[in-house]
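What follows is one structure encoded as structure tokens, with my remarks underneath.
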There are 2 protein chains.
Amino acid sequence: MTHSPWQPISPAKPARTPKEPLTRDRIVDAAMRLLVDQGYDAVSMRKVAQVLDTGPASLYAHVANKKELDQLLVDRAAEEMRLPEQPDPERWQEQLKDAMREMLRVMRANPGVARAAIGQVPLGERALLSTERILAILKAGNIPDQAAAWAVDLIPLYVTAVAFEETVQGAWAWTPEDVEGFVTGLRTYFESLPADRFPITIALAGSLTSGASGDERFEFGITVITAGLAALVQKT
Amino acid sequence: MTHSPWQPISPAKPARTPKEPLTRDRIVDAAMRLLVDQGYDAVSMRKVAQVLDTGPASLYAHVANKKELDQLLVDRAAEEMRLPEQPDPERWQEQLKDAMREMLRVMRANPGVARAAIGQVPLGERALLSTERILAILKAGNIPDQAAAWAVDLIPLYVTAVAFEETVQGAWAWTPEDVEGFVTGLRTYFESLPADRFPITIALAGSLTSGASGDERFEFGITVITAGLAALVQKT
DNA sequence: ACCTGAACACCGTTCAAGT
DNA sequence: ACCTGAACACCGTTCAAGT
């Protein structure tokens, strides 16, 4: 909205700037707004173009294709992640769990980002900065180099998969009653399975449907991963 | 292809059965063939219908929608998984890893299945039988009920995410030269990052790009998960 | 170099009409 | 009950033509 002051203001068409030039940034801005407001499916080249008051073909001068736009969105979201800059060897495990919680928080705050992120290695500069921070925590914990390298692949893979599952099921929009109904329906289904072939599933029906809201399950996941990594700490 | 022997064979239109009735099974068969032969994107309601020599609308009498078809495909693939029926408390960790390897094997053998599976909790009967088998292994390992229940959520989540990443990148079709080129390109990129902000990424560039073929990374992942679960074993 | 309209080759799903 | 053709409301991407 930078108006040149000497620019003639036509009285007939009010307030309408004579079309700012398209840029990568404006495209990502518009796409990000669509993503957060209306979810991943709303982010189409056509709808982004429409928001920018142009046709879809115009975007291709600034963005290679939809996949690149997805990557740009992921990188934009990565910017929001607040990860510790000062790793602490004394409590690296807690720092690592906090980092994973922060990653999930940002993905939940930007519904659809997980959908854009899943299946791609995040190589944007902001995403790589997150990787750098997590590597720092792992190094502080004395994790061997190769293990740390593979861990920074495993960690976003897990967090993104969890967030993606939530977006797909639209879980973020569920009321407590929805959750309740889903859980009891699922438990009833488990308990109705043939007892000869599904003895354990039936016996654990309660546990299997517990923690459907996601937080407990996620806490379990990051505990398992952290404990598994702790088992790899270099013995000195 | 069950021909009634007394069925008249019209000499004009040879070999063409007068249209077998559509069934759920025939639809899943056709979709599965498309999935394996041409990947996930080839599995559209329209293409499946075309293979069955009908229009897309006809499928909706047997399948609720595309999402249900996806679930049926996942369940079909789950049938191929050979998981141990006799859990062994002495070597539950090795059995668990084998089970995860088997899950990945089947997903690799059916490219596109991971794409159909990602983000949905597998609730088909054959998929649940896999869950039952893995629960048996975890129980043999003395994992507490609630932990076992969450673990059978975590395990397919991880394996599916790995398989999905491979399908997206088309890694299953890469030649050793492709891998080589990708790895060196990536390492060069890491090493060219600003040294003040990415010291660890640069230092670990070699490790970060190692194991791109996937097997080593997957072995690392299942080792971490198994070790993390082992840390939860009930102390008796 | 950037932008555009129009076209190409697709999607999932619905619905009235047929048998 | 099952099947069909046609339509609705979409996709990502390309390309010749404009400025």
Side-chain angles (χ1 to χ4, degrees), chain A residues 2 13 16-35 37-74 112 115-120 167-170, chain B residues 16-35 37-74 112 115-120 167-170:
Chain A
T2 45
K13 300 179 174 181
R16 198 72 138 89
T17 331
K19 217 150 202 180
E20 284 171 80
L22 275 182
T23 63
R24 238 171 126 87
D25 263 357
R26 288 191 63 223
I27 291 170
V28 177
D29 281 348
M32 196 70 195
R33 229 169 311 132
L34 279 172
L35 187 74
D37 292 349
Q38 305 181 48
Y40 181 79
D41 287 336
V43 185
S44 68
M45 298 300 268
R46 301 175 105 97
K47 286 202 188 113
V48 171
Q50 202 187 314
V51 168
L52 295 169
D53 206 24
T54 182
S58 303
L59 306 183
Y60 287 84
H62 303 93
V63 161
N65 48 38
K66 178 75 200 306
K67 200 177 158 183
E68 187 178 274
L69 180 55
D70 279 356
Q71 282 171 329
L72 292 170
L73 288 170
V74 174
R115 174 71 185 73
I118 193 104
Q120 4 198 3
T167 3
V168 165
Q169 298 174 344
Chain B
R16 198 74 142 83
T17 329
K19 219 154 199 177
E20 284 171 82
L22 274 182
T23 63
R24 238 171 128 89
D25 263 357
R26 288 190 65 221
I27 291 170
V28 178
D29 280 348
M32 196 71 195
R33 229 169 310 135
L34 278 171
L35 187 74
D37 292 350
Q38 305 181 48
Y40 181 79
D41 287 336
V43 185
S44 67
M45 298 301 269
R46 300 174 105 95
K47 285 202 189 112
V48 171
Q50 201 186 315
V51 168
L52 295 169
D53 206 23
T54 181
S58 304
L59 306 183
Y60 287 85
H62 303 93
V63 162
N65 48 38
K66 178 75 200 310
K67 201 177 158 186
E68 188 179 271
L69 180 54
D70 279 357
Q71 282 171 330
L72 292 171
L73 288 170
V74 174
R115 175 70 185 73
I118 193 105
Q120 358 200 8
T167 3
V168 165
Q169 297 173 345

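A, B, ... follow the sequence lines: proteins, then strands. Residue 1 opens every chain. Predicted, not measured: the structure shown is a model, and the values here were computed from it. Any value given below was found using the heavy atoms of this structure, including those in side chains, with hydrogens, waters and symmetry copies removed.
Atom NZ of K67(B) and atom P of dT13(C) are 11 Å apart (whole Å). Atoms CD (E68(A)) and P (dT13(D)) sit 11 Å apart, rounded to a whole Å. Here dG12(D) presents its P atom at 10 Å from CG of D41(A), a figure rounded to the nearest Å. Per the geometry, CG belonging to L59(B) stands 14 Å off C1' belonging to dG5(D), to the nearest Å. Atom OH in Y60(B) sits roughly 15 Å away from atom C1' in dC3(D) (whole-Å rounding). As rounded to whole Å, 13 Å separates atom P of dC11(D) from atom CG of L69(A). In this entry the distance linking CZ of R26(B) with C1' of dC3(D) reads 13 Å, nearest Å. Atom CD in Q50(A) sits roughly 12 Å away from atom P in dG12(D) (whole-Å rounding).
For the residue pair V43(A) and A31(A), the shortest heavy atom distance occurs at CG2-O, 3.8 Å. Among all heavy-atom pairs drawn from L72(A) and R24(A), the shortest one is CD2-NH2, 3.5 Å.
Between the CG atom of L35(B) and the CZ atom of R115(B) there is a distance of 10.5 Å, given to the nearest 0.5 Å. Rounding to the nearest 0.5 Å places CG of L73(B) at 10.0 Å from CG of D29(B). Going from atom CG of D25(B) over to atom NE2 of H62(B) covers 10.5 Å, rounded to the nearest 0.5 Å.
Between dC10(D) and dA9(C), the distance separating the two P atoms is 22 Å to the nearest Å.
The listed nucleotides are dC15(C), dC11(D), dC2(D); the one nearest the side chain of H62(B) is dC2(D). Nearest nucleotide to the side chain of M45(A), out of dG12(D), dT13(C), dT4(D): dG12(D). Counting only heavy atoms from C-beta on, A61(A) has its side chain closest to dC3(C) among dT14(C), dC3(C), dC3(D). In the set dC11(C), dC3(D), dT13(D), the nucleotide with an atom closest to the side chain of K66(A) is dT13(D). Considering only the side chain of S58(A), dT4(C) comes nearest among dT4(C), dT13(C), dG12(D).
Under 4.0 Å is where a charged nitrogen must lie from a carboxylate oxygen, and between D70(B) and K66(B) at least one such pair does.
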Residue pair L52(A), L59(A): steps toward the side chain to side chain contact (heavy atoms under 4.5 Å, CB included) verdict
CA-CA 10 Å; L52(A) 295 169; L59(A) 306 183; 4.2 Å; yes
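Across the interface with DNA chain D, nearest-nucleotide mapping of A57(A) and K47(A) shows K47(A) to be the residue nearer the 5′ end. Of the two residues near DNA chain C, R46(A) and G55(A), the one whose nearest nucleotide lies more 5' is G55(A).
Side-chain nitrogen and oxygen atoms of S44(B) include none within less than 4.0 Å of the OP1 or OP2 phosphate oxygen of dC10(C).
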Both atom distances under 3.5 Å, Watson-Crick or G-U wobble: I'd like the secondary structure of DNA chain D as a dot-bracket string, with | for pairs made across strands.
||.|||||...|||||.||
